[in-house]
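This structure is in structure tokens; I'll ask about it shortly.
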Amino acid sequence: MAFTEFRPLDDKSLLEYIKATPSLSSKIGNKFDDLTIKEVGDGNLNFVYIVVGTSGSFVIKQALPYVRCIGESWPMTKERAYFEALALKEHGKLCPDHVPEVYHFDRTMSLIGMRYLEPPHIILRKGLIAGIKYPLLAEHMSEFMAKTLFYTSLLYRTTTEHKRNVAEFCGNVELCRLTEQVVFSDPYKVSKFNHWTSPYLDRDAEAVREDNTLKLEVAGLKSMFCERAQALIHGDLHTGSVMVTPNSTQVIDPEFAFYGPMGFDIGAFVGNLILAFFAQDGHAAEGNDRKEYKEWILRTIEETWTLFHQKFTALWHQHKDGSGEAYLPEIYNKPELQQLVQEKFMKDLFHDTLGFGAAKMIRRIVGVAHVEDFESIKDDSKRATCERQALELAKLLLKERRNFQAITEVVSAIRKLHA
Ligand code: ADP
Ligand code: SR1
Ligand code: MG
């Protein structure tokens, strides 16, 4: 069977594909008799196959020309696989400890072969729902974000390198457009795709659509998302894009990658931790009130930002006399000026993080794509109570973010709203 043009794979044709592809067949020692192939895609967009043999394993991810969770009625370019492979390779170079290795990429087939993150790796969101603590999560995620964001920004790169890379990722316009629609537009208008826990949140969803201050702030964030090519961002860094064990943290699924605002990634991660926090009461059971676990999530939120701040500014300091063209050493060489510049940069980034984090929370409650953290709470009324608290916190963060000076204040606001 030749694979010279695009074709959606199934278990059987995938086996033929593997046999015809040396970079994949060599990973399983060219042994095909004992192979198991299983489609496990539980994401919103693509098909993912786990391939395991006695001599090795890998994962195959294929993009079909539509959004999987909606169906063929929502067409979506399969070129997204190209940008995912590109970003995985770039992130892998910058932060190899936290990104699965790419073994193979086929642009015609929109197909990526990569390391199988074997059990006990699970999707972080599922771990958070199960109440599992990950002591290294903040350390690892702050490292991933600090390295990928710093090294792809003008703090490290020349404007020539930066522009070349920005131009390449501008090709991922359809995925950016999807985010523009489902994060920054649909939740603030009537859309056939929106849904929420009705009737409990009918009034809350309507309030979002009628809130002029909220709309003003979201417009500013959308403009930043569309216009600010600050760094190569993952573009979809929620807790479903991270696989974990207590010792390992791996970031997958960067198909939305492009040059955008750094705060979009940090906000996505922190915002999804906040959603996980507010969902905990819905998962509490007799003998397990999740009180201690909620404290762990709050600590992780705090540590993620604090460690990110430390690591990012350390990289900046280390490369301050390098070829990055944002702050030329001959202008910004005085320590007090360097400090001023850095403080301003980090303060703005903190506020961007809160704004984008809040927007990402709102879209998960009244937009098209919800999160398992809430969806797995079977009792509608209980779910609505959890979601309403998260929504109120998100609205506060979005509107008042410039009044927050430190991550500890965000944690205090979460506690206050939860009480
Ligand atoms: P989508 O782009 O549709 O969101 P994901 O990349 O999130 O797809 O993958 C869907 C699911 O497939 C993940 O939730 C995870 O369970 C599984 N998966 C994806 N990549 C790997 C991998 N490298 N190793 C193990 N499982 C993976
Ligand atoms: C139709 S929206 C699907 C969502 O799933 C992806 O993970 C992105 O978050 C996207 O917004
Ligand atoms: Mg995904």
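Whatever order the structure lists ligands and atoms in, that order sets their numbers, starting from 1.
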- Message: For Phe256, state whether at least one heavy atom is located under 4.0 Å from any atom of ligand 2.
- Response: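 Yes; Phe256 lies near enough to ligand 2 that a heavy-atom distance drops under 4.0 Å.
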
- Query: In ligand 1, which numbered atoms sit nearer than 4.0 Å to a non-hydrogen atom of Met114?
  - Reply: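 Per the distance check, 23 (N).
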
- Item | Atoms named by residue and atom, protein N, O or S, within reach of the Mg ion (ligand 3) (under 2.8 Å) |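 N, O, S partners closer than 2.8 Å: Asp253 OD2.
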
- Strictly under 4.0 Å, does any heavy atom of Gln181 approach an atom of ligand 2?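 No.
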
- Message: Regarding His238 and Arg125, do their side chains bring together a donor and an acceptor under 3.5 Å, going by distance alone?
- Response: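 Yes, side-chain donor-acceptor contact under 3.5 Å.
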
- Protein contact of atom 20 (N) of ligand 1 - nearest heavy atom, named by residue and atom, plus distance: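 Going atom by atom, the protein heavy atom closest to atom 20 (N) of ligand 1 ends up being Ile252 CD1, 3.9 Å.
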
- Item | Closest non-hydrogen atom pair between Gly56 and Ile28, with its separation |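 Heavy atoms of Gly56 and Ile28 come nearest at O-CG2, 3.5 Å.
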
- Message: Within the 4.0 Å heavy-atom shell around Val182, which atoms of ligand 2 are there?
- Response: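 Answer, ordered by atom number: 11 (O).
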
- Can you list the atoms of ligand 1 that are under 4.0 Å from a heavy atom of Asn44?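 Result: 3 (O), 4 (O).
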
- Does the side chain of Thr197 come under 3.5 Å of the side chain of Asp380 through a donor N or O and an acceptor N or O?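 There is no such pair between these side chains.
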
- Query: Which one holds for Arg364 and ligand 2: side chain close, backbone close, both close, or neither close, with close meaning a heavy atom under 4.0 Å?
  - Reply: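 The answer is the side chain of Arg364.
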
- Task: Measure the shortest side-chain to side-chain distance between Tyr49 and Val40 over non-hydrogen atoms and say whether it is less than 4.5 angstrom.
- Result: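 Answer no - side chains too far apart.
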
- With a 4.0 Å heavy-atom cut-off (strictly under), which part of Asn46 contacts ligand 1: side chain, backbone, both or neither?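 The answer is both.
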
- Task: Could you tell me the residue and atom name of the protein heavy atom closest to atom 4 (O) of ligand 1, and the distance to it rounded to 0.1 Å?
- Result: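 The protein heavy atom lying closest is Asp253 OD2, 2.9 Å.
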
- Message: I need the atoms of ligand 2 closer than 4.0 Å to a non-hydrogen atom of His238, numbered in the order shown.
- Response: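 The list of qualifying atoms is 7 (O).
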
- Of the protein's non-hydrogen atoms, which lies at the shortest distance from atom 9 (O) of ligand 1, and what is that distance?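 Here the nearest protein heavy atom works out to Val48 CG2, 3.6 Å.
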
- Message: Please list the nearest protein heavy atom to atom 11 (C) of ligand 1 with its residue and the distance rounded to 0.1 Å.
- Response: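 Closest protein heavy atom to atom 11 (C) of ligand 1: Asp42 OD1, 3.0 Å.
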
- Message: So, 4.0 Å and heavy atoms of Thr179: is ligand 2 close enough to count as a contact?
- Response: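 No.
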
- So, for Ile50 and Tyr116, which heavy atoms are closest and what is the spacing to 0.1 Å?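 Between these two residues, the closest heavy atoms are CD1-CE1, 3.5 Å.
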
- Task: Show which atoms of ligand 2 fall inside a sub-4.0 Å distance from at least one heavy-atom site of Arg363.
- Result: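 Near Arg363, meaning under 4.0 Å from one of its heavy atoms, ligand 2 has 4 (C), 9 (O), 10 (C), 11 (O).
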
- Message: Measuring only between side-chain heavy atoms, which start at C-beta, is Gln280 closer than 4.5 Å to Lys291?
- Response: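 No, side chains not in contact.
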
- Message: With no hydrogens and no angle check, just 3.5 Å: does a side-chain donor-acceptor pair link Thr158 and Glu161?
- Response: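 Glu161 and Thr158 do have a side-chain donor-acceptor pair below 3.5 Å.
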
- Query: Is the closest side-chain heavy-atom distance between Tyr103 and Glu101 below 4.5 Å?
  - Reply: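 Result yes, sub-4.5 Å side-chain heavy-atom pair found.
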
- Just which atoms of ligand 1 are under 4.0 Å from any heavy atom in Tyr116?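 In order of numbering, the contacting atoms are 24 (N), 25 (C).
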
- Task: Could you name the option among Val368, Asp236, Val371 that has the heavy atom nearest to atom 7 (O) of ligand 2?
- Result: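 It is Asp236 that holds the nearest heavy atom.
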
- Message: Quick one, Val242 and Ile123 - any side-chain contact, counting heavy atoms below 4.5 Å?
- Response: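 Sidechains of Ile123 and Val242: no contact.
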
- Item | Pairing of Lys12 and Glu16 as salt bridge, 4.0 angstrom limit |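 Salt bridge between Lys12 and Glu16, a charged N being under 4.0 Å from a carboxylate O: no.
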
- Message: Quick check: Trp74 and ligand 2, any N/O pair under 3.5 Å apart?
- Response: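 N/O-N/O distance below 3.5 Å does not exist for this pair.
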
- Message: For ligand 1 and Glu84, I'd like to know whether there is a polar contact (N/O to N/O, distance under 3.5 Å).
- Response: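 N/O-N/O distance under 3.5 Å: no.
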
- Test item: Tyr259 and Gln230 side chains (from C-beta on) under 4.5 Å apart, heavy atoms: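 A side-chain contact under 4.5 Å is absent here.
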
- Task: Check each atom of ligand 1 against the heavy atoms of Val59 and keep those under 4.0 Å away; list them by number with element.
- Result: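 Reading through ligand 1 atom by atom, the close ones are 22 (C), 24 (N), 25 (C).
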
- Task: Please confirm whether the backbone N or O of Val99 pairs with a side-chain atom of Gln250, one donor and one acceptor, at under 3.5 Å?
- Result: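 Present.
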
- Item | Numbering as shown, the atoms of ligand 1 that approach Leu45 to under 4.0 Å (heavy-atom distance) |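 Counting from 1, the qualifying ligand atoms are 3 (O).
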
- Task: Record the part of Met243 in heavy-atom contact with ligand 1 below 4.0 Å; permitted values are side chain, backbone, both and neither.
- Result: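 Side chain only.
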
- Any idea which protein heavy atom is nearest atom 3 (C) of ligand 2, and the distance to it?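 Nearest protein contact, heavy atoms only, for atom 3 (C) of ligand 2 is Asn44 ND2, 3.7 Å.
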
- Got Val51 and Ser57 here, is their nearest side-chain heavy-atom distance under 4.5 Å?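 No. Closest side-chain heavy atoms not under 4.5 Å.
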
- Message: Check for me whether Lys78 meets the cation-pi criterion with Phe6, that is, NZ or CZ under 6.0 Å from the six-membered ring centre and within 45 degrees of the ring axis.
- Response: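 So Lys78 does make the cation-pi contact.
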
- Task: Show which atoms of ligand 1 fall inside a sub-4.0 Å distance from at least one heavy-atom site of Arg115.
- Result: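 Contacts of ligand 1 toward Arg115, numbered from 1: 22 (C), 23 (N), 24 (N).
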
- Message: Using modelled atom types and a 3.5 Å cut-off, is there a donor and acceptor pairing between side-chain atoms of Glu387 and backbone atoms of Trp196?
- Response: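 Checked: no pair found.
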
- Message: So, applying ring pair (Phe, Tyr, Trp, His ring centres under 6.0 Å) with Phe356, which one of Phe269, Phe264, Phe350 is it?
- Response: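 Exactly one pass, corresponding to Phe264.
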
- Query: Any N or O on Leu117 sitting closer than 3.5 Å to an N or O of ligand 1?
  - Reply: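 The answer is yes, given that Leu117 and ligand 1 share an N or O pair closer than 3.5 Å.
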
- Check whether any side-chain heavy atom of Glu174 lies under 4.5 Å from a side-chain heavy atom of Arg80, and answer yes or no.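 No; the side chains remain at least 4.5 Å from each other.
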
- Query: What atoms in ligand 1 come closer than 4.0 Å to a heavy atom of Lys61?
  - Reply: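 Near Lys61, the atoms of ligand 1 are 1 (P), 2 (O), 5 (P), 6 (O), 8 (O).
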
- Taking the six-membered ring for Trp, are Phe345 and Trp316 parallel (under 30°), tilted (30 to 60°) or perpendicular (over 60°)?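 Answer is perpendicular, since the angle exceeds 60°.
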
